Amino acid sequence: MKKLIALLAAFIVTITLIGCSSSKSSTTEEKKGINVDSLDPNKPVTVKIGATNVPHAELLEYIAPKLEKEGLKLDIVTYQDYYLPNKNLEDKEIDLNYFQHVPFLNNETKEKGYKLEDAGAIHIEPIGLYSKKVKKLEELQDGALVLVSNNKSEWGRVLKILQDAKLVKIRDGVDVITATFEDVVENPKNLKFKYDNDPAIMVQYFQNGEGDLISINSNFAVDAGIKPLEDSVVVESPDNNPYGNIIVVRAGDKDKIVTKKIVEALQSEDTKKFIKEKYNGAVVPA
């Protein structure tokens, strides 16, 4: 009986030690990822990076094989909206994200208090205005309805396109990047603006023929098979464009080797060539 008890006690101690060992190993693994000081191809590190499908996830998939040879594996988490990726990054559910431009990041950090930072611009997605009713902005009728998403950082982009076409005038002294529809002081065609829907829904509005003019982000347009340069009424110029899409990390992670390797791969001449050939102007290198 004593032998049985001794054996049972030894078994419990062994199981406990194994459990502690596994827990310790798991904790060690969790500390890897973006916090490593070096990369080893023989012991690759996996990092989670959040991205919208097109072109962000596609570009990450393109550079993934190259990075893996250097000891860095990308676990790409895809999103269909613009608001979860920053929350998940702030909450440490992912290590980096790639879907937004600087004005959007600035707006998010201001409104929600996120401690996130820009690690480098990769590409520009010129925003387009689409319609099933007109082929030129000049054809818009008095009182035409313009549908814009609830993404405040895009409002200035839309207003700049309309101001350049002399359809509206923004109040003097207002930075067009942060302009809102309340800053419109001249509107000769009495355009009506509706801006309370998610960016991902704008494609559906266009396809259903709703509104007279619909603003659509190029990533959603391309993902839906729409060709911005061919199908839009007008598309913004990529030149001197402040809306470059960026890699974003938590404050303090900008100079980590993982961050630098990902940014370097996305900004490489090889990736730029891939962007130009695949997207035909709908996406352009920053």
Side-chain angles (χ1 to χ4, degrees), residues 49-64 74 76-86 96-105 120-132 134-135 137 146-151 153-158 160-161 197-211 213-239 241-248 262 265-268 270-286:
I49 180 165
T52 43
N53 288 333
V54 179
H56 310 83
E58 291 180 343
L59 293 177
L60 291 172
E61 288 167 359
Y62 178 74
I63 65 169
L74 299 182
I76 305 168
V77 181
T78 57
Y79 293 84
Q80 296 297 324
D81 69 66
Y82 286 166
Y83 302 102
L84 276 177
N86 280 336
L96 314 89
N97 71 38
Y98 175 36
F99 76 98
Q100 65 195 311
H101 48 59
V102 172
F104 183 86
L105 175 63
I122 310 303
H123 74 270
I124 296 167
E125 300 165 19
I127 199 167
L129 301 182
Y130 299 78
S131 177
K132 295 284 189 182
V134 301
K135 293 184 178 180
L137 291 179
V146 182
L147 300 178
V148 184
S149 80
N150 59 11
N151 179 359
S153 66
E154 305 289 6
W155 294 355
R157 302 178 81 174
V158 174
K160 184 178 187 307
I161 292 174
N197 287 292
D198 189 274
I201 300 176
M202 307 311 291
V203 166
Q204 186 176 332
Y205 282 146
F206 169 59
Q207 293 172 334
N208 292 343
E210 298 181 47
L213 203 62
I214 300 95
S215 168
I216 304 177
N217 292 86
S218 284
N219 62 310
F220 289 123
V222 173
D223 201 19
I226 297 170
K227 299 177 180 179
L229 296 184
E230 298 176 20
D231 300 330
S232 66
V233 175
V234 61
V235 65
E236 71 180 349
S237 170
D239 298 332
N241 192 308
Y243 298 96
N245 280 221
I246 55 179
I247 291 292
V248 173
I262 292 173
L266 286 169
Q267 290 179 340
S268 70
D270 180 59
T271 304
K272 288 180 182 178
K273 181 181 178 183
F274 174 77
I275 291 173
K276 291 175 182 177
E277 292 177 350
K278 181 172 179 63
Y279 300 108
N280 298 312
V283 179
V284 295

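The structure presented is a predicted model; accordingly, all values stated were derived computationally and were not measured.
- The two residues V284 and P238 make their nearest non-hydrogen contact at CG2-CB, 3.6 Å.
- Residues L60 and L266 meet the side-chain proximity criterion, which asks for heavy atoms closer than 4.5 Å.
- For D270, the side-chain hydrogen bond (donor to acceptor under 3.5 Å, both in side chains) criterion is met by Y62, not counting sequence neighbours.
- Between the NZ atom in K132 and the CD atom in E210 there is a gap of 12.0 Å [rounded to 0.5 Å].
- When all heavy atoms of N241 and Y243 are compared, the closest pair comes out as OD1-N, 2.8 Å.
- Checking side-chain atoms of Q267 against main-chain N and O of A121 turns up a donor-acceptor pair under 3.5 Å.
- Separating the NE2 atom in H56 from the CD1 atom in I122 is a distance of 9.5 Å, to the nearest 0.5 Å.
- When each of I226, V233, V234 is tested with Y130 by the rule side-chain contact (heavy atoms from CB on, under 4.5 Å), just one qualifies, namely I226.
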Please walk me through it: do V102 and I246 pass side-chain contact (heavy atoms from CB on, under 4.5 Å)? CA-CA 7 Å; V102 172; I246 55 179; 3.9 Å; yes
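- Closest approach of A282 to P126, counting heavy atoms only: O-CD, 3.4 Å.
- Here the closest non-hydrogen pair linking G244 and I124 is CA-CG1, 3.7 Å.
- Panel note: side chain N217, backbone N219; no donor-acceptor pair is recorded below 3.5 Å.
- By the 30° and 60° cut-offs, the orientation of the rings of Y82 relative to F99 is tilted.
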Check the pair F220, M202 against side-chain contact (heavy atoms from CB on, under 4.5 Å), reporting the backbone distance first and the verdict last. CA-CA 8 Å; F220 289 123; M202 307 311 291; over 6 Å; no
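- Shortest non-hydrogen contact noted between P285 and I275 is CD-CG2, 3.9 Å.
- Side-chain contact between P199 and N150 is present, with at least one heavy-atom pair separated by less than 4.5 Å.
- Distance check, rounded to the nearest 0.5 Å: OG1 of T271 to NZ of K278 gives 13.5 Å.
- Residues Y279 and V54 are in side-chain contact: their nearest non-hydrogen atoms beyond the backbone lie under 4.5 Å apart.
- With a 4.5 Å cut-off on side-chain heavy atoms, E236 and V158 do not count as touching.
- Here CD of E61 is found 9.0 Å from OG1 of T78. Values are rounded to the nearest 0.5 Å.
- Atoms CD1 and OG, from I214 and S149 in turn, are 12.5 Å apart once rounded to the nearest 0.5 Å.
- Within the 4.5 Å cutoff, the side chain of V146 has no heavy atoms near those of the L129 side chain.
- Here the CG-CD1 distance, from N208 to I201, works out to 11.0 Å after rounding to the nearest 0.5 Å.
- Relative ring orientation between Y98 and H123 is described as perpendicular, the plane-to-plane angle rising above 60° on a 0-90° scale split at 30° and 60°.
- In this model, a donor atom of one side chain and an acceptor atom of the other lie less than 3.5 Å apart for N197 and Y205.
- Among N86, N245, T52, I247, the single residue meeting the side-chain contact (heavy atoms from CB on, under 4.5 Å) criterion with Q100 is N86.
- Side-chain contact check for H101 and E154: at least one donor-acceptor pair (N or O, by modelled atom type) lies under 3.5 Å.
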